[in-house]
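Working notes, structure below.
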Amino acid sequence: MTPVPSSKINPPNWWKQNRKAILPPIFGIGGFLLFWQLSSSLGLTKLEGPLSLWTDERTRELLLYPFFDNGGLDKGLFLHTMSSLSRVAIGYSLAAVIGIGIGIAVGLNKGLNRAFDPLFQFLRMVAPLAWVPIALVMFQQNQPAAIFVIFITSIWPILINTAEGVRQIPQDYRNVALVLQMSNRRFFTKILIPSTLPYIFTGLRISIGLAWLAIIAAEIVMPGTPGIGYFIWDANQNGYVSEIVLGVIWIGAIGLILDRLMAWLQTRIASGR
Amino acid sequence: MTTLVTVQDVAKDFRLDGGGHYLALKGIDLDIRKGEFISLIGHSGCGKSTLLNMIAGLDLPSGGTVLLEGETIKRPGPDKMVVFQNYSLLPWLTVRENIALAVDEVMPDLSKAEREAVVEDHITMVGLAHAAHKPPLQLSGGMRQRVAIARALAIKPKLLLLDEPFGALDALTRGNLQEKLMQICNENELTAVMVTHDVDEAVLLSDRIVMLTNGPGSKIGGILEVDIPRPRQRLEVVHHPSYYSLRSEIIYFLNRQKRVKQWQAKPHKVLARHGLEKVNLDLGFIPLVASAPLAVAEAKGFFTKHGLDAVQLVRETSWRGITDGLLDRTLDAALMPSGMPTWITAGGHGGDPTPIVTALTLSRNGNGITLARRLAEQGVSNVADYRDYLLRTNREPHTMGIVHPASMHNLLLRYWLASNAINPDRDVHLQTLPPAQMLADLKDGSIDGYCVGEPWNVRADREGHGFPIAGDLEIWSGHPGKVLGAREDWAMAYPNTHIALTKALLEACRYCANPAHRDELSELLSDRRYLGMKAELIRFGMESASEEIREASGHTLFFGAGVNRPSRSEHLWIISQLARWSEIPFPRNYVEILERVCAVGVYSTAARELGLDDVSYQRGGIELFDGVPFNAEDPIGYLNTLSIHQDFSVAEIPIGVPRALAS
């Protein structure tokens with residue numbers, strides 16, 4: 001082993017090694033914020049600049065106190081986010097379990113695939129917002145309807161990727177199973193799942209983004225449920241533009257974190273093999 | 001040995017996506033004995049992998065059956081384990097887990113500890129103990145293939161099937177793995193079938209090599225027994241006398257397949273022009289000084305002059321290629337040894353007797369017998385010394401090289417040996433070798449000498465590996481050397497073409513015979529299309545450096561009084577000699593055969609039209625150096641007077657009635 005250079009952080013060196021990774025995003029984001037602030041200061045757009053998040057008292061409060069809970073729907077942003085996330089967690093988990101299950105079945109069986117593939121491709125194209133009225137009619141209640149919207153939006157990439165992964169199991173691996181006369185159960189656990197795992201994770205990663213996107217659609221039209229979507233809807237109703245902007249930023253940040261989380265899981269589980 | 005696998009009349013027909021069919025294999029019959037190592041070799045697309053898959057049960061035949069120990073193979077199983085070309089290891093498992101997966105699956109009755117022991121044994125056997133915990137992606141190709149072999153062997157299959165196992169490896173790794181596999185197979189007495197396209201690999205590893213012809217409808221084109229004793233070492237097998245003949249046999253087969261494929265790819269419409277029935281001819285030759293008339297006729301435009309404006313010279317590497325080319329009609333006509341027309345007509349090639357005609361003798365003389373330099377060092381300077389030497393060392397094998405059983409080299413060498421009281425079948429062993437191989441064998445001492453045409457005698461002498469002991473001038477001066485040969489049905493279908501061809505070549509012979517053209521000829525023949533060797537090595541006898549060689553190699557005659565006319569009595573002499581050495585039975589209908597083989601009419605017409613009637617007249621009787629006259633009136637009586645001969649038979653050769661090729 002070559003000696004590892006001192007693991008303690010040596011500021012000048014650390015900066016030298018990492019500045020190429022750090023500086024561009026700072027410039028990029030900073031430039032964007034500057035442009036936004038300038039264009040609203042110069043009156044090019046009615047939208048207030050990013051500084052207003054701080055100057056506006058309502059949003060400053062929200063920024064500083066994410067955990068307050070005054071009962072009812074008057075909560076801090078973190079608590080709104082948590083109830084949205086729990087909804088996403090349920091819908092997404094359902095989508096993962098059912099999507100992987102159906103995906104494997106469809107991938108293994110050409111007939112099933114022919115029968116259902118057009119349907120899947122069709123349903124996949126329906127926007128989350130369009131599912132809301134259908135979901136409300138189906139379930140008559142806000143909570144299950146919201147979960148259903150998340151589920152139905154996020155299932156397709158999982159299902160389609162899983163099916164493709166099963167179809168893509170190399171003939172070599174199948175031949176190994178054939179020659180060894182593996183039982184179906186052993187084939188499933190020893191070959192099918194490990195071989196398909198990278199595809200499944202690709203699907204899962206795409207879906208987490210979609211599930212999070214669907215939360216707005218799910219909550220916006222279902223007033224009276226706490227959540228980040230409701231928060232934005234409420235701010236809109238009251239004309240608090242800065243609050244909307246703040247909500248959007250929260251949503252983006254959470255989405256980014258979820259995606260990174262899945263990416264990390266993907267490298268941990270799927271490609272470490 | 002008992003049979004393990006029986007392949008009976010197997011065919012495989014693939015349904016294509018477009019709705020058509022592709023017949024990959026047809027009529028495959030093969031018995032694989034227990035403990036045998038079999039290689040399947042052939043060009044890409046010949047269905048060798050398909051055959052392997054059917055033995056593995058991964059694919060089912062569309063006709064016939066494959067039996068393993070008498071039971072039909074219907075599905076794959078661990079008793080016929082496959083080592084796939086791309087290893088087929090599971091990348092998410094380590095080396096140990098990959099092997100364990102197979103062992104756990106196949107040997108559930110063993111205890112866990114016993115199974116682990118089996119896994120560890122096999123990891124050690126392929127020398128991968130240090131890498132057992134690594135996933136396959138961290139290993140080199142050679143190591144991965146070793147894992148695949150270990151996995152296959154760990155489950156103790158009855159039959160090991162290998163699909164181009166070393167195809168993707170570099171030469172060094174491949175060599176090491178071949179030795180490893182050989183060692184494992186020997187130690188475990190495995191039965192194995194391997195698909196390969198590597199000729200050396202096939203010879204090194206196999207007990208038998210199965211050669212498959214081109215698809216569609218591939219068949220077994222031949223099966224070679226590899227008689228090299230085991231255990232074999234990669235670096236030593238090359239010195240075994242069989243090695244090169246096996247190797248060249250396979251290469252010949254593969255080249256032949258390639259040539260047939262190329263020939264089939266071209267359009268073959270008969271082009272009739274200038275009053276000739278066919279002007280597009282494929283003429284076979286092999287690179288020899290005696291092929292000069294063909295080269296000259298091409299280069300000097302004699303073919304075109306006589307209307308044959310689409311002649312193509314096809315260079316074959318062996319006389320066998322010429323024989324096969326004529327038989328499967330990929331050649332129209334060819335340069336051939338003077339014994340070949342009667343030999344093929346009488347079925348000496350092992351197939352159906354096929355009448356061949358010859359209208360022209362292209363060359364005479366030009367051959368010699370060369371012995372190895374090491375014999376001279378042991379005091380051999382003449383044939384009597386050689387006889388003594390053979391007696392003295394009769395425990396050792398003595399091999400002499402000839403180029404073809406039907407060539408004059410074989411007949412003259414045998415005649416010369418027999419007349420000097422050396423039995424060419426008992427005292428020495430005559431082996432058919434390509435001329436270039438003879439020189440190499442002379443060098444490394446595996447043959448005593450050879451009888452061959454130029455430039456191989458000159459070269460052996462110049463390079464110091466051999467010395468001339470007898471030239472053909474002193475055995476039979478003016479003996480026929482090479483002739484023009486064509487199928488009788490071809491000659492009858494294209495009579496005017498045959499005459500034009502004879503005229504073109506006769507004129508070319510006259511050109512070659514002019515001493516003023518000698519240097520030009522050497523230069524011409526040195527071209528890559530013909531001999532492809534240095535011009536100064538291409539000599540015609542007269543200009544040779546030393547007196548000795550001039551004596552030994554004789555003066556190649558291309559043209560002159562009685563040189564070119566096909567002679568019935570000479571061909572009868574050839575028939576009788578071929579029969580004497582049991583190359584063919586003596587034909588009871590020899591008069592008919594001679595009448596049909598010697599196209600004297602074609603020659604006479606050609607000579608008359610060229611105004612060369614004066615050179616066409618017949619020579620005297622045939623008498624060789626020993627003074628025994630050849631009695632053309634009573635050839636069987638003549639044969640019986642000879643003291644050394646094989647037990648020859650006399651038989652009627654069924655050659656049917658002359659029939660033209662249906663166009």
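A note on names: the letters A, B, ... follow the listed sequences, proteins ahead of strands, and every chain is numbered from 1.
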If you count the non-hydrogen atoms of other residues, nucleotides and ligands that lie under 6.0 Å from [atom1] in [X], is the total more than 12?
X: A/F187; atom1: CZ; value: yes
X: A/F139; atom1: CZ; value: yes
X: A/N18; atom1: CG; value: yes
X: B/Y22; atom1: OH; value: yes

If you round to the nearest 0.5 Å, how far is [atom2] of [Y] from [atom1] of [X]?
X: A/N175; Y: B/N53; atom1: CG; atom2: CG; answer: 7.5 Å
X: A/Q181; Y: B/E105; atom1: CD; atom2: CD; answer: 9.0 Å
X: B/R75; Y: A/L178; atom1: CZ; atom2: CG; answer: 10.5 Å
X: A/D172; Y: B/N86; atom1: CG; atom2: CG; answer: 4.0 Å

Which atoms of [X] come close to chain A, meaning under 4.5 Å heavy atom to heavy atom: side chain ones, backbone ones, both, or neither?
X: B/L101; answer: both
X: B/V82; answer: both
X: B/L89; answer: backbone

>> Any non-hydrogen side-chain atom of B/D104 less than 4.5 Å from a side-chain atom of A/R186?
In response: yes
>> Show the nearest heavy-atom pair for residues A/V176 and B/S88, with the distance to one decimal.
In response: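 Of all heavy-atom pairs spanning A/V176 and B/S88, the closest is CG2-O, 3.4 Å.
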> Quick check: does any side chain N or O of B/W92 sit under 3.5 Å from a backbone N or O of A/K190, one acting as donor and the other as acceptor?
Replying inline: yes
